[in-house]
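Structure incoming, see below.
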Amino acid sequence: MKVYITSAAPLAGEATKAMASPPSPPPHQHQQAATRRGCRSAVVTGLLAGVLLFRAALLTIEAGASLCPSTTGCLDWRAGLGDWLYGGSGDAMEEFMKEWRRGRREASLLDPVVVEAAPDSLDGLMAEMDTMLASYDRLDMEAVVLKIMAMLLKMDRKVKSSRIRALFNRHLASLGIPKSMHCLTLRLAEEFAVNSAARSPVPLPEHAPRLADASYLHVTIVTDNVLAAAVAVASAVRSSAEPARLVFHVVTDKKSYVPMHSWFALHPVSPAVVEVKGLHQFDWRDGGAIASVMRTIEEVQRSSMEYHQCDASVVREYRRLEASKPSTFSLLNYLKIHLPEFFPELGRVILLDDDVVVRKDLTGLWEQHLGENIIGAVGGHNPGEDGVVCIEKTLGDHLNFTDPEVSNVLESARCAWSWGVNVVNLDAWRRTNVTDTYQLWLEKNRESGFRLWKMGSLPPALIAFDGRVQAVEPRWHLRGLGWHTPDGEQLQRSAVLHFSGPRKPWLEVAFPELRELWLGHLNRSDSFLQGCGVVE
């Protein structure tokens with residue numbers, strides 16, 4: 001059944017007079033025509049008000065934010081809204097609702113040309129409806145519904161497009177390296193070439209024995225970010241009750257070695273000691289260690305190439321965005337699995353990510369009892385009143401348990417941990433096959449078409465270290481500061497702040513208050529930092 005809105009029909013006598021009247025109607029007929037147009041506009045306004053309120057109600061219900069205590073109550077409320085708007089739930093109202101629901105189903109089938117030609121605003125729609133009512137004695141309700149649906153679909157697409165552009169721009173902003181950091185790297189490399197002080201040994205020869213002395217507290221940072229390493233080291237020294245006990249081992253790649261060495265040679269953190277070592281400088285003692293490291297490097301490179309090879313264009317574009325994240329295929333992230341090979345003379349280390357700020361003395365973390373476990377991390381299972389309480393995410397948040405390859409060896413509800421702040425028992429690690437297991441699962445994920453998990457260095461570690469992780473107190477690791485701003489109490493209570501997430505503190509997109517906290521560990525009078533605009 002079609003529904004029409006019609007204008008008031010004139011009486012028979014009035015129609016005869018109208019046909020016999022001269023071309024120029026008297027003034028009172030002009031007034032009557034204006035009155036009819038006003039009535040039509042009022043009808044359209046009332047109709048659209050009902051439509052938009054109904055649309056808002058649907059959006060509210062779809063979003064899960066129900067205004068009613070029960071489903072029945074919502075149905076009654078909707079019926080009441082129709083009665084209030086239209087003075088009863090007659091046939092016209094029911095038919096309009098039927099057309100509206102059918103229009104929603106057909107919205108995705110609308111011709112793109114029709115959608116593009118739809119009005120851009122409510123005012124535009126009102127103008128079109130008023131013109132149609134002024135031109136015809138009746139209005140097809142189906143045409144009204146389709147026009148409204150086309151307008152809403154056009155607006156919805158604009159909103160989604162704007163949201164996607166905003167997210168994409170933020171994603172790009174989180175990937176870029178600021179010009180100031182490029183400048184700092186080049187300045188330090190130049191200083192290494194012209195200034196003998198920048199080439200001085202790091203550490204000095206008299207401090208070299210500390211590098212393998214178990215009585216010192218050893219902290220490892222694997223990074224190619226000079227500025228981040230500088231803040232992590234400086235904050236740890238400043239927060240330490242005994243800074244002379246600290247020995248930092250900074251592992252970097254060949255391209256970053258010169259600026260990294262130059263920075264710590266020119267900015268000593270006495271009484272603590274810093275060692276800077278490039279991957280090309282490690283003196284491997286046996287061929288097995290070299291073969292193991294090369295296996296990981298080759299697997300990461302092979303995964304990187306195959307990750308971009310995909311037939312579906314949508315999946316390919318998604319993978320391009322994922323692969324553009326610095327952490328996705330960062331070789332240094334994956335080489336954390338070779339700490340025993342990097343430090344054969346050490347029995348224990350604290351492993352820090354470069355995007356951290358240390359606010360408490362690390363001695364308590366260093367002295368954590370690990371038992372027979374290999375790694376201590378926040379996020380392990382802790383007993384609670386209702387059983388196990390996961391501080392971090394679960395394994396199901398990182399791994400694809402719909403694949404039997406994963407579900408047959410792990411339980412999705414198990415608690416997950418994360419890199420960032422870890423204490424590692426290297427002696428216990430050497431007695432296991434954790435590194436081999438990690439490499440095996442890297443290969444399995446690649447061979448499965450990356451179906452087992454989204455590419456990253458943590459998921460295979462969750463499998464390889466399963467059953468060998470000791471939970472430590474949550475105060476040792478507050479993560480996610482690149483995603484959100486925690487409350488002040490959490491900041492004060494936490495020993496290490498981890499800027500995991502896209503809003504790194506050295507980027508302009510960082511949260512301003514957290515960025516200032518990070519910048520507070522840099523010397524604002526330093527000529528390198530000032531000259532490159534890192535600080536003002």
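Bear in mind that the values here come from a model prediction, so they are computed numbers and not experimental data. Quick note: numbers below take in every heavy atom, side chains included, and nothing from hydrogens, waters or symmetry partners.
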Subject >> Trace of the side-chain contact (heavy atoms from CB on, under 4.5 Å) decision for His249 with Val219 >> reply: CA-CA 6 Å; His249 305 266; Val219 180; over 6 Å; no
Original post:
Taking NZ, NE, NH1 and NH2 as the nitrogens, is one of them in Arg302 or Glu306 under 4.0 Å from a carboxylate oxygen of the other?
Top reply: no
Original post:
Applying disulfide (SG to SG under 2.5 Å), which residue pairs with at least one partner in residues 428-495 are found, sequence neighbours left out?
Top reply: none
**OP:** Check the side chains of Asp354 and Thr223 for a donor-acceptor pair under 3.5 angstrom, ignoring hydrogens and angles.
**Re:** yes
Original post:
Less than 4.5 Å apart, any side-chain heavy atom of Leu426 and any of Arg348?
Top reply: no
Subject >> Geometric cation-pi criterion Lys277 and Tyr257, 6.0 Å radius, 45° cone >> reply: no
Original post:
Hey, are Arg414 and Asp466 close enough for a salt bridge, meaning a charged N less than 4.0 Å from a carboxylate O?
Top reply: yes
Original post:
Going through the checks in order, is the side-chain contact (heavy atoms from CB on, under 4.5 Å) test met by Glu275 and Val247?
Top reply: CA-CA 8 Å; Glu275 174 194 30; Val247 177; 5.8 Å; no
Original post:
Less than 6.0 Å separating the ring centroids of Trp366 and Tyr216?
Top reply: no
Original post:
With a 4.0 Å cut-off, would you call Arg295 and Glu443 a salt bridge?
Top reply: yes
Original post:
Between the side chains of His267 and Asp526, is a donor N or O closer than 3.5 angstrom to an acceptor N or O?
Top reply: yes
**OP:** Any chance you could measure Asp355, atom CG, to Lys504, atom NZ, to the nearest 0.5 Å?
**Re:** 3.5 Å
Original post:
Do we see a donor-acceptor contact under 3.5 Å between the side chains of Ser215 and Asp213?
Top reply: yes
Subject >> Sequence-distant partners of Arg475, side-chain contact (heavy atoms from CB on, under 4.5 Å), two or more places apart >> reply: Glu473
Original post:
How far does CG of Leu399 sit from CD of Glu405, to the nearest 0.5 angstrom?
Top reply: 12.0 Å
**OP:** Walk me through it: do Thr435 and Asn433 pass the test side-chain contact (heavy atoms from CB on, under 4.5 Å)?
**Re:** CA-CA 6 Å; Thr435 302; Asn433 63 343; over 6 Å; no
Subject >> Within 6.0 angstrom of Glu206 CD, more than 12 heavy atoms from elsewhere >> reply: yes
**OP:** Side-chain contact test, heavy atoms from C-beta onward, threshold under 4.5 Å: evaluate it for Ile221 versus Val233 and give yes or no.
**Re:** yes
Original post:
For His338 and Thr296, does a side-chain donor sit closer than 3.5 Å to a side-chain acceptor?
Top reply: yes
**OP:** Decide yes or no for Val237 and Phe248: does some side-chain heavy atom of the first lie under 4.5 Å from some side-chain heavy atom of the second?
**Re:** yes
Subject >> Criterion side chain to side chain donor-acceptor pair (under 3.5 Å) on Glu513 and Thr485, from CA distance to verdict >> reply: CA-CA 9 Å; Glu513 60 274 23; Thr485 303; 3.3 Å; yes
Original post:
Judged by atom type as modelled, is there a donor-acceptor pair below 3.5 Å linking the side chain of Arg515 to the main-chain atoms of Ala510?
Top reply: no
Original post:
Which class fits the ring pair Trp441 and Trp453: parallel under 30°, tilted 30 to 60°, perpendicular over 60°?
Top reply: tilted
**OP:** Please say whether more than 12 non-hydrogen atoms of neighbouring residues, nucleotides or ligands are located less than 6.0 Å from CD in Glu489.
**Re:** no
**OP:** Kindly indicate whether the side chain of Pro178, heavy atoms from C-beta on, has any atom under 4.5 Å from the side chain of Leu507.
**Re:** yes
**OP:** Kindly assign one of parallel, tilted or perpendicular to the pair Phe343 and Phe282, based on the angle between their ring planes and the thresholds 30° and 60°.
**Re:** perpendicular
Original post:
Is it the case that Glu299 and Ser303 place a side-chain donor and acceptor less than 3.5 Å from each other?
Top reply: yes
**OP:** In plain terms, say whether Arg430 and Glu345 are close enough for a salt bridge, that is, a side-chain N and a carboxylate O under 4.0 Å apart.
**Re:** no
**OP:** Output yes when a side-chain donor or acceptor of Ser240 lies under 3.5 Å from a complementary backbone atom of Ala236, and no otherwise.
**Re:** no
